[in-house]
There are 2 protein chains.
Amino acid sequence: MHKEHTLTKNQQIIFDLIDKSPEPMKAYSILFSVQKKGIKAPLQVYRALDKLVEIGKIHKIESRNAFIACHNSSCQVSKATAFSICEICEKITEISSASLSKYLANFKDKDGMKYSKYNLEFFGLCKKCR
Amino acid sequence: MHKEHTLTKNQQIIFDLIDKSPEPMKAYSILFSVQKKGIKAPLQVYRALDKLVEIGKIHKIESRNAFIACHNSSCQVSKATAFSICEICEKITEISSASLSKYLANFKDKDGMKYSKYNLEFFGLCKKCR
DNA sequence: ATTTAAATTGTTATAATATAACACCATGTA
DNA sequence: TACATGGTGTTATATTATAACAATTTAAAT
Ligand SMILES: [Zn+2]
Ligand SMILES: [Zn+2]
Ligand SMILES: [Zn+2]
Ligand SMILES: [Zn+2]
């Protein structure tokens, strides 16, 4: 389904960090964490992040300026993403619902336009915080 | 349906500017525009923006860090918003579709959780750019 | 093998976006 | 009056992100 990309050194270091983080990571927190591995400048982080987003290995949570690893193989190509965000503990989960993605992919606006790319962020309280 | 708020001077100046702008405005572009009216500091702008977002008079386009006036009376309370964004000309339109908002308000995640707040951004090409 | 193009890296500097902290003022209300 | 709430003005600072340039690596294309 989705093309494999061989990650470069910086990309791999940063992906591994995000992938094993239990919560979304912000760019400068990533920078701080990888400085011991020789990545010293913001640009090195942002370049890796851009590439990882582009190839679908991570997603950016726009409302939080944070990044999480993708665990949903079906969204790697489409850039059609949905998340739930807890407004108390900031727990963020990627939603992979076939019916949701089908509904959104087929949604037509008032001009009859359909969209293959979208980003949806739901806000509420997670199980633990309710 | 939605409560009226009396805007303060700064809020009114900034709302009027955004409301009559044909495109979303960014905070520092707003700041530049209102300096002749005595609003000199970023914080004055951000405070007005925060309040205007809170009461639903404007929305923030998260992926663009920009603000547009709301022209959809039904979303002022709910903070349940949807936009279409043209990836070429950056034209942004608020979508007010009863079926979409109904679908999203009734969507249940895998834990059976429903969300009253959400933000959806569709990306594609507008009529003119196709 | 040699050349070429594309992608990635390293680096310094700077731009763009957003908030902290504090003093003061206006308005409503107990 | 006294008090609470919210808005304002101001300076300083934090956070997020990109520009510009040179060097290096990688992967074809000849
Ligand atoms: Zn994903
Ligand atoms: Zn929570
Ligand atoms: Zn609206
Ligand atoms: Zn367009």
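Letters A, B, ... are given to chains in the order of the sequence lines, protein chains preceding strands, and every chain is numbered from 1.
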Output the residues of residues 27-40 of chain A in contact with DNA chain D, where contact means a heavy atom of the residue under 4.0 Å from an atom of the strand; sort by number or write none.
-> A/Y28
Of the listed C/dT9, D/dT10, C/dT19, the closest approach to the B/A41 side chain comes from D/dT10
d([atom1], [X]; [atom2], [N]) in whole Å:
| X | N | atom1 | atom2 | result |
| --- | --- | --- | --- | --- |
| B/K9 | D/dG9 | NZ | C1' | 10 Å |
| A/D50 | C/dT8 | CG | P | 11 Å |
| B/K60 | C/dA16 | NZ | C1' | 12 Å |
| A/I55 | C/dA7 | CD1 | P | 13 Å |
| A/R64 | D/dT15 | CZ | P | 17 Å |
| B/Q44 | C/dA18 | CD | P | 17 Å |
| B/I13 | D/dT8 | CD1 | P | 9 Å |
| B/N10 | C/dA26 | CG | P | 14 Å |

Closer than 3.5 angstrom, by distance alone: can the side chain of [X] be matched with the main-chain N or O of [Y] as a donor-acceptor pair?
| X | Y | answer |
| --- | --- | --- |
| A/S21 | A/P24 | no |
| B/K79 | B/N119 | no |
| A/S33 | A/S29 | yes |
| A/D111 | A/M113 | no |
| A/D19 | A/F15 | no |

Nearest 0.5 Å please: distance from the SG atom of A/C129 over to the NZ atom of A/K127.
-> 13.0 Å
Pick out which of A/L7, A/L52, A/L17 makes a side chain to side chain contact (heavy atoms under 4.5 Å, CB included) with A/Q12.
-> A/L7
Tested for side chain to side chain contact (heavy atoms under 4.5 Å, CB included) against B/I92, the lone hit among B/R64, B/H59, B/E23 is B/R64
Electrostatic pair B/K117-A/E87, nearest N-O below 4.0 angstrom | yes
Does [N] have OP1 or OP2 sitting under 4.0 Å from an N or O in the side chain of [X]?
| X | N | result |
| --- | --- | --- |
| B/N65 | D/dA17 | no |
| A/T8 | C/dA7 | no |
| A/K51 | C/dT8 | yes |
| A/K26 | D/dT16 | yes |

Here the pair of heavy atoms bringing B/K40 nearest to B/Q35 is O-NE2, 3.8 Å
Between A/F107 and A/Y118, is the gap from one ring center to the other below 6.0 Å?
-> no
What is the per-nucleotide protein-contact pattern of nucleotides 21-27 of chain D, from the 5' end, where B denotes a base atom under 4.0 Å from a protein heavy atom, S denotes such proximity for sugar-phosphate atoms only, and - denotes neither?
-> -------
Determine whether the side chains of A/E121 and A/S63 contain a donor N or O and an acceptor N or O closer than 3.5 Å.
-> yes
Axis-to-axis angle between the two ends of the helix from C/dA1-D/dT30 to C/dA30-D/dT1 (five base pairs per end, rounded to 10 degrees) | 30°
